[in-house]
Protein chains: 2
Amino acid sequence: MNKRKELTMDKLREYLDKKNIHPSYHRLKILKYLMEHKTHPTVDMIYKDLSKEIATLSKTTIYNTLSLFLKEGIISCLTIDENKIMYDYNTKPHVHFICIKCGCVYDIHLKCPIFDKEIIEGHKITEYHIYLKGICKECLKNA
Amino acid sequence: MNKRKELTMDKLREYLDKKNIHPSYHRLKILKYLMEHKTHPTVDMIYKDLSKEIATLSKTTIYNTLSLFLKEGIISCLTIDENKIMYDYNTKPHVHFICIKCGCVYDIHLKCPIFDKEIIEGHKITEYHIYLKGICKECLKNA
DNA sequence: ATCATTGCAAACACTTTGCATACGC
DNA sequence: GCGTATGCAAAGTGTTTGCAATGAT
């Protein structure tokens, strides 16, 4: 989906239709949220934000929808923070960094040669996660 | 600690003493378990196995002990399986692979150039986790 | 009318906390 | 005896499940 195109509900509907996912209102809103918030939100964040707009939204629906999106491969999830699962509209393998002080998660734009391998030590690789932890540049500044 | 040396309780006691961790019986047993089971056990596995030997052992003690070991940097933990935390006596950065069919976790003996960097995009890195997911060689064989 | 989606409430699994007891020096 | 380690039970947190209500075609 072209970044420059506006995320109209019609475009999103089309997008889900192509993936054979019934484009219900809630699903469209959750997809839109993920596309517009590349900050690796948790279920809780999505719930807090979207329930302002959709008063009757339940967490179950968010769980259901995210599982569906995951299964269909249109989103991915990270476990860089051991306490919660974060969701990411970007499914291409990339590197994440989490600050152990402030908890911020950054995308790292670093090519990793491991991403090119399909078989490693006999195992077939389908997913790559690289998690770095430490002190982020902002926290380093303020130290 | 030299692999060839036997893991006597005395050696373990000495080891914890050096790290300024009071070497209680439970702590020694849990440390010994981690050293002898490099299979990335969960709290539950440690509890199931060790409570056979130590009838009064509680999970709280295992949680306490593992947090302490983590804090002191003598073990590390992995979140490759989003549903549970696994513990690893190996604290050197290395690569893990999990099979999405059988759930087995393998250590991958692969050098990764990212491990050599201390600063990436301005952030100070103190921990590296590389998680690969896919189908393990055993499951590939049986497919 | 039928089938899928939604949402509440309960169940679940894992982890942490509070506090009383036991242990070691 | 004092400070730490331990362990039970309860509370907390994040996620899943069962099932009834709602919605779309």
Side-chain angles (χ1 to χ4, degrees), chain A residues 9-10 12-13 16-17 19-33 40-72 74-87 103 105, chain B residues 9-10 12-14 16-17 19-33 40-72 74-87 103:
Chain A
M9 290 305 249
D10 274 353
L12 294 172
R13 204 182 314 273
L16 284 186
D17 253 337
K19 306 261 178 186
N20 287 312
I21 296 171
H22 177 79
S24 73
Y25 179 70
H26 293 83
R27 287 174 182 171
L28 291 170
K29 290 297 254 181
I30 293 169
L31 178 61
K32 188 162 186 273
Y33 185 89
H40 320 95
T42 62
V43 165
D44 227 58
M45 291 174 201
I46 302 172
Y47 178 73
K48 280 216 181 76
D49 283 351
L50 279 186
S51 58
K52 285 175 205 154
E53 281 181 67
I54 313 165
T56 64
L57 181 68
S58 85
K59 275 196 186 175
T60 307
T61 299
I62 299 176
Y63 278 110
N64 287 338
T65 303
L66 293 173
S67 309
L68 179 68
F69 288 175
L70 269 180
K71 187 164 69 78
E72 300 301 329
I74 71 178
I75 61 171
S76 62
C77 71
L78 10 169
T79 55
I80 192 169
D81 182 333
E82 54 247 44
N83 302 308
K84 52 193 164 209
I85 301 178
M86 304 172 117
Y87 294 87
V105 175
Chain B
M9 290 304 249
D10 273 353
L12 294 172
R13 204 182 314 269
E14 207 181 294
L16 285 187
D17 253 337
K19 305 260 179 187
N20 287 313
I21 296 171
H22 177 78
S24 74
Y25 179 70
H26 293 85
R27 287 175 180 171
L28 290 169
K29 290 299 253 181
I30 293 169
L31 178 61
K32 188 162 187 271
Y33 184 91
H40 319 95
T42 61
V43 165
D44 226 58
M45 291 176 201
I46 300 172
Y47 177 72
K48 280 215 180 76
D49 284 350
L50 279 186
S51 58
K52 284 176 206 153
E53 281 180 67
I54 313 166
T56 64
L57 182 68
S58 86
K59 276 197 186 176
T60 307
T61 299
I62 299 177
Y63 279 109
N64 287 340
T65 303
L66 293 174
S67 310
L68 179 68
F69 288 175
L70 269 179
K71 188 164 67 80
E72 299 301 327
I74 71 178
I75 62 172
S76 62
C77 72
L78 12 168
T79 55
I80 191 169
D81 181 333
E82 54 246 47
N83 303 306
K84 53 194 162 208
I85 300 178
M86 304 171 119
Y87 294 88

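Naming: A, B, ... by sequence-line order, numbering from 1 per chain.
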Could you run through nucleotides 4-20 of chain D and give me one letter per nucleotide, 5' to 3': B if any protein heavy atom sits under 4.0 Å from the base, S if only the sugar-phosphate is that close, - if neither?
-SBBBB----SBBB---
Could I get the full list of side-chain hydrogen bond (donor to acceptor under 3.5 Å, both in side chains) partners for B/Glu82, not counting sequence neighbours?
B/Lys133
I'd like to check the ring-ring contact (aromatic ring centres under 6.0 Å, His included) partners of A/Tyr87; sequence neighbours left out, ordered by chain and number.
none
Identify, with sequence neighbours excluded, every residue that meets salt bridge (charged side-chain N to carboxylate O under 4.0 Å, His left out) alongside A/Lys71.
none
Pairs satisfying salt bridge (charged side-chain N to carboxylate O under 4.0 Å, His left out), at least one member in residues 53-69 of chain B, at least two apart:
B/Lys29-B/Glu53, B/Asp44-B/Lys59
If you look only at pairs with a residue in residues 40-65 of chain B, which of them pass as a ring-ring contact (aromatic ring centres under 6.0 Å, His included), with sequence neighbours excluded?
B/His40-B/His96
First-last contacting nucleotides on DNA chain C - partner chain A, under 4.0 angstrom, heavy atom
C/dT5 to C/dA9
Which residues share a side-chain hydrogen bond (donor to acceptor under 3.5 Å, both in side chains) with A/Thr60, sequence neighbours left out:
none
Listed partners of B/Glu72 passing salt bridge (charged side-chain N to carboxylate O under 4.0 Å, His left out), at least two apart
none
